[in-house]
Amino acid sequence: MLSPKNYQDYPAALRQLYQELDGAPQVFRGERDARPLIGLTANYNASGSCIARAYTESIIQAGGLPVLIPLTTDIEVLRRYATQIDGLLLSGGDDLLPAYLGEDSIPTLGEVNPERDRSELLLVAEAVRRNVPILGICRGHQLLATAFCGGMYQDIYAQLPNAQGHNPQIPKTLPAHQVCLQGDSVLARVLGLQDGDAIQVNSIHHQAVSRVPKSFRVTALAADGVIEAMEAYPEKSILSVQWHPEQMAYAGDVLQQKLFAHLVSEATLFAQAKAVHRSVIVLDSHVDTPMHFTPDFDLRQRGNTLVDLPKMEEGLVDVSVMVAYLPQRERDDDSLRQATNYAVDKLESIRRLTFAHPDIATVATTVEEIRRAKELGLRVIVPAIENGYAIGKDISNVARFGEMGVCYITLCHNGDNDLCDSARKSKQEHGGLSDLGREVVREMNRQGIMVDVSHAAPTTVRDVLSISTAPIIASHSSARALCDHPRNLTDEDALAIAERGGVVQVCLYAGFICEQEEAASVVMAADHIDHFVRLLGIEHVGIGSDFDGDGELIGCRGSNDLIRLTVELLRRGYTTTQLRLLWGENFLRVMETAKAQSKCQ
């Protein structure tokens with residue numbers, strides 16, 4: 001490092017600096033710097049936004065590119081940061097205003113900065129919606145507890161009588177006390193330690209988390225019971241600690257540096273996932289959102305449904321196949337007529353609500369239209385029907401639905417109908433397809449509408465395969481070999497679908513992923529994908545979430561979370577080429593084949 005001693009030395013020093021610059025390797029056009037962009041929240045003083053060098057150097061040492069996010073409450077600026085960054089580090093600093101937790105301030109509350117609190121709470125909300133990996137440090141640890149409605153001590157020495165040793169008058173680079181790791185946690189794995197192991201840390205503050213939020217777990221405790229670390233895995237890629245690892249890491253502590261290496265590693269995977277989603281067509285083959293449509297429903301508003309245009313944008317999802325879902329009801333003439341009218345009304349609503357926002361979304365009925373929309377940066381809604389009950393006994397309704405852009409019809413739902421037997425609530429009255437059902441399958445082939453056998457009995461699946469001249473799909477079905485549910489596909493039936501050129505779209509409904517529904521997670525969904533990929537080949541597997549029809553998993557609770565499935569698949573070694581097939585091309589191939597074969601009939 002050059003340190004000129006007098007004025008005359010500086011020109012030579014400058015020349016040497018430029019020589020070093022010329023000799024450094026350079027990234028040329030077409031090459032990508034693999035280092036992820038890590039946003040850091042800023043401290044704030046009279047001069048403006050700032051951050052201790054230990055933070056940035058720890059990130060650089062871990063292989064990340066740090067960028068300081070200045071204090072601002074401009075929501076559009078914060079959204080842009082949340083969209084651009086690959087990871088987020090929430091830094092230490094001022095105390096948090098207890099009013100955000102509905103509490104009055106106590107006399108020993110330290111200095112607060114309400115503007116910073118607001119800025120960072122908004123930033124965290126936007127980052128979490130986009131599934132940006134997060135590491136919280138000290139204040140950042142407490143901020144996460146506040147953002148997710150946990151609890152916080154305003155002053156541990158006033159509110160926790162046994163609190164001790166958290167504010168020693170020693171350098172931040174030195175350890176102050178021990179914390180004990182709790183359970184089989186990500187934190188323990190990152191540090192290479194086990195449950196019960198103790199590490200030396202430097203907790204220099206007086207606020208602390210008193211209660212971890214829902215979906216978080218305690219991962220480290222101090223001897224006096226102060227919560228020293230928490231994490232949200234597998235719900236979110238979030239880890240936080242009460243101490244200051246950046247100071248110890250900057251001073252050469254290899255163990256503490258592992259926390260920054262972990263953040264950068266997670267951010268690298270997330271950056272790769274974003275690159276995949278931007279380069280391929282990401283298609284979710286089954287969502288039930290139209291069943292929640294109301295007269296004032298607006299797809300552009302981020303609402304209570306699991307799928308809307310903002311969530312699709314946040315998750316970088318290009319296409320949602322929205323179904324007009326019909327529960328199985330009575331089968332008399334009047335009920336059948338009402339079912340058909342209901343389906344028509346829902347299909348018209350899908351078109352109306354989508355076309356209300358032509359600047360950001362469109363309805364597509366062909367593969368070509370989907371590809372064009374991707375090029376234009378538009379979100380795509382594709383209509384479909386769940387339950388052939390909508391057809392009634394009038395086969396002309398198949399052509400009618402085809403003219404309305406329906407890409408597939410799920411032959412049944414829970415319960416037999418006039419077309420076929422169902423996998424559930426079935427009396428097996430037809431032994432598979434009825435005579436009408438056989439005619440409907442042939443007519444769907446003629447109209448270029450894909451036949452969907454999700455919900456169908458095994459006998460129905462086999463009958464369809466014996467009749468259909470086009471490949472078929474299971475728009476939202478998981479593997480019975482991994483979760484013994486009658487709605488899931490047996491390996492035999494899945495193989496039969498694949499052998500005829502079809503595709504099986506793995507469903508994200510908890511009960512179809514794990515028999516213990518409360519434990520079903522995005523990681524387990526990836527297990528189902530792995531199983532089908534090994535069994536059928538990568539060309540015959542896809543993803544159909546069943547969002548808004550009870551499809552929801554730990555770590556994947558809406559369109560914005562689908563990118564977490566991509567992260568998990570990347571973690572397992574899937575390539576961009578493989579993910580291109582899984583996320584849309586397999587489904588689009590069958591859709592295109594069905595259309596092409598219809599023209600030959």
query: Any chance the side chains of Thr72 and Ser119 put a donor and an acceptor closer than 3.5 Å?
result: no
query: Which residues pass the side chain to side chain donor-acceptor pair (under 3.5 Å) test with Glu76, sequence neighbours left out?
result: Arg79
- request: Count the heavy atoms belonging to other residues, nucleotides or ligands that lie under 6.0 Å from CD of Glu111, then report whether that count exceeds 12.
  value: no
statement: Sorted by chain and residue number, the ring pair (Phe, Tyr, Trp, His ring centres under 6.0 Å) partners of His277 (sequence neighbours excluded) come out as Trp583
query: What pair of heavy atoms forms the shortest contact from Ser58 to Gln257, and how long is it?
result: O-NE2, 2.9 Å
message: Does anything in residues 51-67 form a salt bridge (Lys or Arg N to Asp or Glu O under 4.0 Å)? List the pairs, not counting sequence neighbours.
response: Arg53-Glu57
Contacts of Glu552 that satisfy side chain to side chain contact (heavy atoms under 4.5 Å, CB included) - sequence neighbours left out: Leu306, Arg557
- line: Heavy-atom closest pair (Phe512 atom, Cys483 atom, distance to 0.1 Å) is O-CB, 3.4 Å
- prompt: Sequence neighbours excluded, which residues qualify as side chain to side chain contact (heavy atoms under 4.5 Å, CB included) partners of Val218?
  reply: Gln182, Val212, Leu221, Ile227
message: Between His528 and Leu482 (side chain of the first, backbone of the second, donor and acceptor by atom type, cut-off under 3.5 Å), is there such a pair?
response: no
- prompt: So, Asn131 versus Asn560: side-chain donor-acceptor pair below 3.5 Å or not?
  reply: no
- prompt: Within the distance-only criterion (no hydrogens, no angle test), does the side chain of Asp195 pair as donor or acceptor with the backbone N or O of Gly183 below 3.5 angstrom?
  reply: yes
- request: Using modelled atom types only, decide if a donor and an acceptor are shared between the side chain of Asn43 and the backbone of Ala52 within a distance under 3.5 Å.
  value: no
query: Which one of Ile529, Val533, Asp530, Leu565 satisfies the side-chain contact (heavy atoms from CB on, under 4.5 Å) criterion with Val506?
result: Ile529
From CG (Leu187) to CD (Glu231), nearest 0.5 Å: 6.5 Å
task: Any chance you could lay out the side chain to side chain contact (heavy atoms under 4.5 Å, CB included) test for Leu508 and Phe547, step after step, and finish with the verdict?
output: CA-CA 8 Å; Leu508 306 186; Phe547 286 149; 4.2 Å; yes
- prompt: Got a sec, which residues hit side chain to side chain donor-acceptor pair (under 3.5 Å) with Asp308, two or more places apart in sequence or on another chain?
  reply: Lys311
Sidechain N-carboxylate O distance under 4.0 Å for Asp184, Arg217: no
task: Evaluate the criterion side chain to side chain contact (heavy atoms under 4.5 Å, CB included) for residue pair His206 and Asp95; output intermediate values, then yes/no.
output: CA-CA 9 Å; His206 70 275; Asp95 281 1; 2.8 Å; yes
Exercise: identify the closest heavy-atom pair between Val380 and Met312: O-CE, 3.9 Å
Would you mind writing out the side-chain donor-acceptor pairs for residues 100-107 within the sub-3.5 Å range, not counting sequence neighbours?
from: Glu103; atom 1: OE1; to: Gln154; atom 2: NE2; distance (Å): 3.2

statement: Leu65 and Ile59 have their tightest heavy-atom pair at N-CG2, 4.2 Å
message: Applying salt bridge (Lys or Arg N to Asp or Glu O under 4.0 Å), can you list everything that pairs with Glu120, at least two apart in sequence or on another chain?
response: Arg116, Arg139
- request: Would you mind telling me which of Gln256, Gln200, Glu228 makes a side-chain hydrogen bond (donor to acceptor under 3.5 Å, both in side chains) with Trp243?
  value: Gln256
- prompt: To the nearest 0.5 Å, how far apart are CG in Asn162 and CG in Asp224?
  reply: 7.0 Å
query: Would you say the side-chain atoms of Arg564 pair up with the backbone N or O of Pro234, donor to acceptor, closer than 3.5 Å?
result: yes
field: Contact check, side chains of Asp359 and Arg300, non-hydrogen atoms, under 4.5 Å
entry: yes
task: Can you sort out the partners of Lys374 under side chain to side chain contact (heavy atoms under 4.5 Å, CB included), two or more places apart, ordered by chain and number?
output: Ile281, Asp318
Tell me which donor-acceptor pairs under 3.5 Å the side chains of residues 259-268 have, and how far apart each pair is, sequence neighbours excluded?
from: His262; atom 1: NE2; to: Tyr233; atom 2: OH; distance (Å): 2.8
from: Glu266; atom 1: OE1; to: Ser237; atom 2: OG; distance (Å): 3.1
from: Glu266; atom 1: OE1; to: Arg571; atom 2: NH2; distance (Å): 3.4
from: Glu266; atom 1: OE2; to: Arg571; atom 2: NH1; distance (Å): 2.9
from: Thr268; atom 1: OG1; to: Val264; atom 2: O; distance (Å): 2.7

message: Contact between Phe270 and Ile563 at the side-chain level, heavy atoms closer than 4.5 Å - yes or no?
response: yes
message: Could you tell me if the side chain of Met248 sits less than 4.5 Å from the side chain of Pro175, heavy atoms only?
response: yes
query: Checking Glu126 side chain against Leu78 main chain: does a donor-acceptor pair fall under 3.5 Å?
result: no
query: Can you check whether Arg379 reaches Ile360 side chain to side chain, under 4.5 Å on heavy atoms?
result: no
- prompt: Does Cys507 offer a backbone N or O that forms a donor-acceptor pair with the side chain of Ser478 under 3.5 Å?
  reply: yes
field: Inter-residue atom distance Leu143.CG - Phe148.CZ, 0.5 Å rounding
entry: 9.5 Å
query: What residues, two or more places apart in sequence or in another chain, satisfy side chain to side chain contact (heavy atoms under 4.5 Å, CB included) together with Ala510?
result: Glu517, Ala520, Leu553
query: Are any non-hydrogen side-chain atoms of Asp155 and Leu109 less than 4.5 angstrom apart?
result: no
- request: Report the distance from atom CD1 of Ile75 to atom CZ of Arg118, rounding to the nearest 0.5 Å.
  value: 8.0 Å
- prompt: Does Gln142 reach the main-chain N or O of Gln207 with its side chain, forming a donor-acceptor pair under 3.5 Å?
  reply: yes
task: Check for a donor-acceptor pair, side chain of Arg35 on one end and backbone N or O of Gly63 on the other, with a separation under 3.5 Å.
output: no
message: Give me each pair satisfying ring-ring contact (aromatic ring centres under 6.0 Å, His included) with a member in residues 156-180, each pair once, sequence neighbours excluded.
response: His166-His177
field: Note, Ile69 side chain near Leu88 side chain (heavy atom, < 4.5 Å)
entry: yes
query: Checking Gln578 side chain against Thr575 main chain: does a donor-acceptor pair fall under 3.5 Å?
result: yes
- prompt: Would you say the side-chain atoms of Ser521 pair up with the backbone N or O of Ile554, donor to acceptor, closer than 3.5 Å?
  reply: no
query: Do Gln301 and Pro310 have side-chain heavy atoms sitting under 4.5 Å apart?
result: no
message: Looking at every heavy atom in both Val287 and Ser320, which two are closest together, and how far apart are they?
response: CG2-CB, 4.2 Å
message: I'd like to know if Asp74 pairs up with Arg80 as an ion pair, taking the criterion as any Lys NZ or Arg NE/NH1/NH2 lying under 4.0 Å from an Asp or Glu carboxylate oxygen.
response: no
query: Where is the tightest heavy-atom contact between Ser285 and Gln505, given as atom of each residue plus distance?
result: OG-NE2, 3.1 Å
- prompt: Is Ile137 close to Pro245 at the side-chain level, that is, under 4.5 Å between some pair of heavy atoms?
  reply: yes
- prompt: Val128 and Ile238: side chain to side chain contact (heavy atoms under 4.5 Å, CB included), yes or no, with the steps?
  reply: CA-CA 9 Å; Val128 167; Ile238 301 176; 4.2 Å; yes
message: Would Asn202 and Leu174 count as a side chain to side chain contact (heavy atoms under 4.5 Å, CB included) here? Give the steps.
response: CA-CA 7 Å; Asn202 61 348; Leu174 299 176; over 6 Å; no
